[in-house]
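Just below is one structure, and these are the notes that go with it.
Excluded from the calculations below are hydrogen atoms, water molecules and symmetry mates; all remaining heavy atoms, backbone and side chain alike, are included.
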Amino acid sequence: MLLAGAAGGDVAGSTMGAAATGIARVRAFPVMQVFTFLFLMLGPIKIIGPFASLTRTADPALTRRIAFRATLFASAALLLAAILGEHLLRNFGIPLPVLALSGGIILFLTAIVSVMQQFLPPATHDDSAAGPPPSLKVAMSPLAFPTIVTPYGIAALVVFLAVSPDLAGRLKVGAILLAIMGLNLLVMIAAKRILPLLSIVLPIIGAVLAVVQVALGLQIIQNSIKVIVAL
């Protein structure tokens, strides 16, 4: 029993040491780079189309309520994910590069699906067969999860917080996240008005962002593997 406990303590200690080393090897990111990453992963570009579709028959008051609730749910979920992520990194000794690698793989696979969908034949929509009327339930799912809050977005947030050198750095990440959530809210409220204006540009922006996310996912995977190999 004592030998088993000692072995378990050695394994736990070595794992925690690897986690600490991984955090030390991952440098803090510049503010603009943090904003760009979180904007791509949690920002409004991917929200406009789904939100406009879900609230197509909703009146302006219900549309605003759905937007506010979706933003509130998403913000609360990200706060909880940040707290739990820090807790898991500390108590389970998950090396930060491994977490970054997981997020990079998810981002890469999701972006690949988005790119490949552009080559599929367009789906036919029967406007006569309207779905159920919109309700506040869509604010939780599918708007807050998984449209706004994505797995790779959570991984990026935890990584940014973990590599922040001090409280000021973490507050900067939090301020950037709040700004993006506020931008999401404004875009959702104005989605019906801006979608006709963006109907031509939005598919092009979406295609470009999908390719950028593929490259971003590969870059995160490459950098994470380099750090893991160096541990």
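Other residues, nucleotides and ligands place no more than 12 heavy atoms under 6.0 Å from the CZ atom of Arg65.
In this structure, the side chains of Ile176 and Leu38 come closer than 4.5 Å at one or more pairs of heavy atoms. Counting only heavy atoms from C-beta outward, the side chains of Leu143 and Leu54 approach each other to under 4.5 Å. Side-chain contact between Ser164 and Val173 is present, with at least one heavy-atom pair separated by less than 4.5 Å. In this structure the side chain of Met116 reaches within 4.5 angstrom of the side chain of Ile112, judged on heavy atoms. At a threshold of 4.5 Å between non-hydrogen side-chain atoms, the residues Ile148 and Ile47 count as touching.
Side chain of Asn184 to main chain of Leu42: a donor-acceptor pair is present (N/O by atom type, distance under 3.5 Å, no hydrogens or angles). Thr55 contributes no side-chain N or O that, together with a main-chain N or O of Thr63, makes up a donor-acceptor pair within less than 3.5 Å. Panel note: side chain Lys46, backbone Thr147; a donor-acceptor pair is recorded below 3.5 Å. Gln213 places no side-chain N or O within donor-acceptor distance of the main-chain N or O of Phe108, the cut-off being under 3.5 Å.
With values rounded to the nearest 0.5 angstrom, Ile221 atom CD1 is found 10.0 Å from Ser102 atom OG. Atom CG of Leu107 sits about 10.5 Å away from atom CD of Gln219, to the nearest 0.5 Å. Put simply, OG1 on Thr71 and CD1 on Ile66 are 11.5 Å apart, with the number rounded to the nearest 0.5 Å. The CG atom of Leu195 lies 9.5 Å from the OG atom of Ser53; values are rounded to the nearest 0.5 Å. Note: Ile189 CD1 to Ile194 CD1 = 11.0 Å, rounded to the nearest 0.5 Å.
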Verdict with reasoning, Leu62 to Asp59, per side-chain contact (heavy atoms from CB on, under 4.5 Å): CA-CA 5 Å; Leu62 179 58; Asp59 59 80; 3.8 Å; yes
Pair Val113-Leu109, side-chain contact (heavy atoms from CB on, under 4.5 Å): steps then yes or no: CA-CA 6 Å; Val113 171; Leu109 294 177; 5.7 Å; no
Thr110 and Thr150: CA distance, side-chain angles, deciding distance, side-chain contact (heavy atoms from CB on, under 4.5 Å) verdict: CA-CA 10 Å; Thr110 305; Thr150 57; over 6 Å; no
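The minimum heavy-atom distance between Ala100 and Ile220, with the atom names listed, is O-CG2, 3.2 Å. For the residue pair Ala210 and Ala111, the shortest heavy atom distance occurs at O-CB, 3.7 Å. Minimum heavy-atom separation, Phe51 to Ala67: CZ-CB, 3.9 Å. The two residues Gly153 and Met41 have their closest heavy-atom pair at CA-CB, 3.9 Å. The shortest non-hydrogen separation linking Lys192 to Arg56 is NZ-O, 3.8 Å. In terms of heavy atoms, Gly103 sits closest to Ala155 at CA-CB, 3.8 Å.
When hydrophobic clusters are built by joining Ile, Leu, Val, Met, Phe, Trp and Tyr residues whose side-chain heavy atoms come closer than 4.5 Å, directly or via intermediates, Val158 is not grouped with Leu80.
Screening Ile180, Leu178, Leu177, Ile83 for a side-chain contact (heavy atoms from CB on, under 4.5 Å) with Leu78, the sole residue that qualifies is Leu177.
Counting only residues at least two apart or on different chains, the ring-ring contact (aromatic ring centres under 6.0 Å, His included) pairs with a member in residues 138-174 are Phe29-Phe160, Phe37-Phe160.
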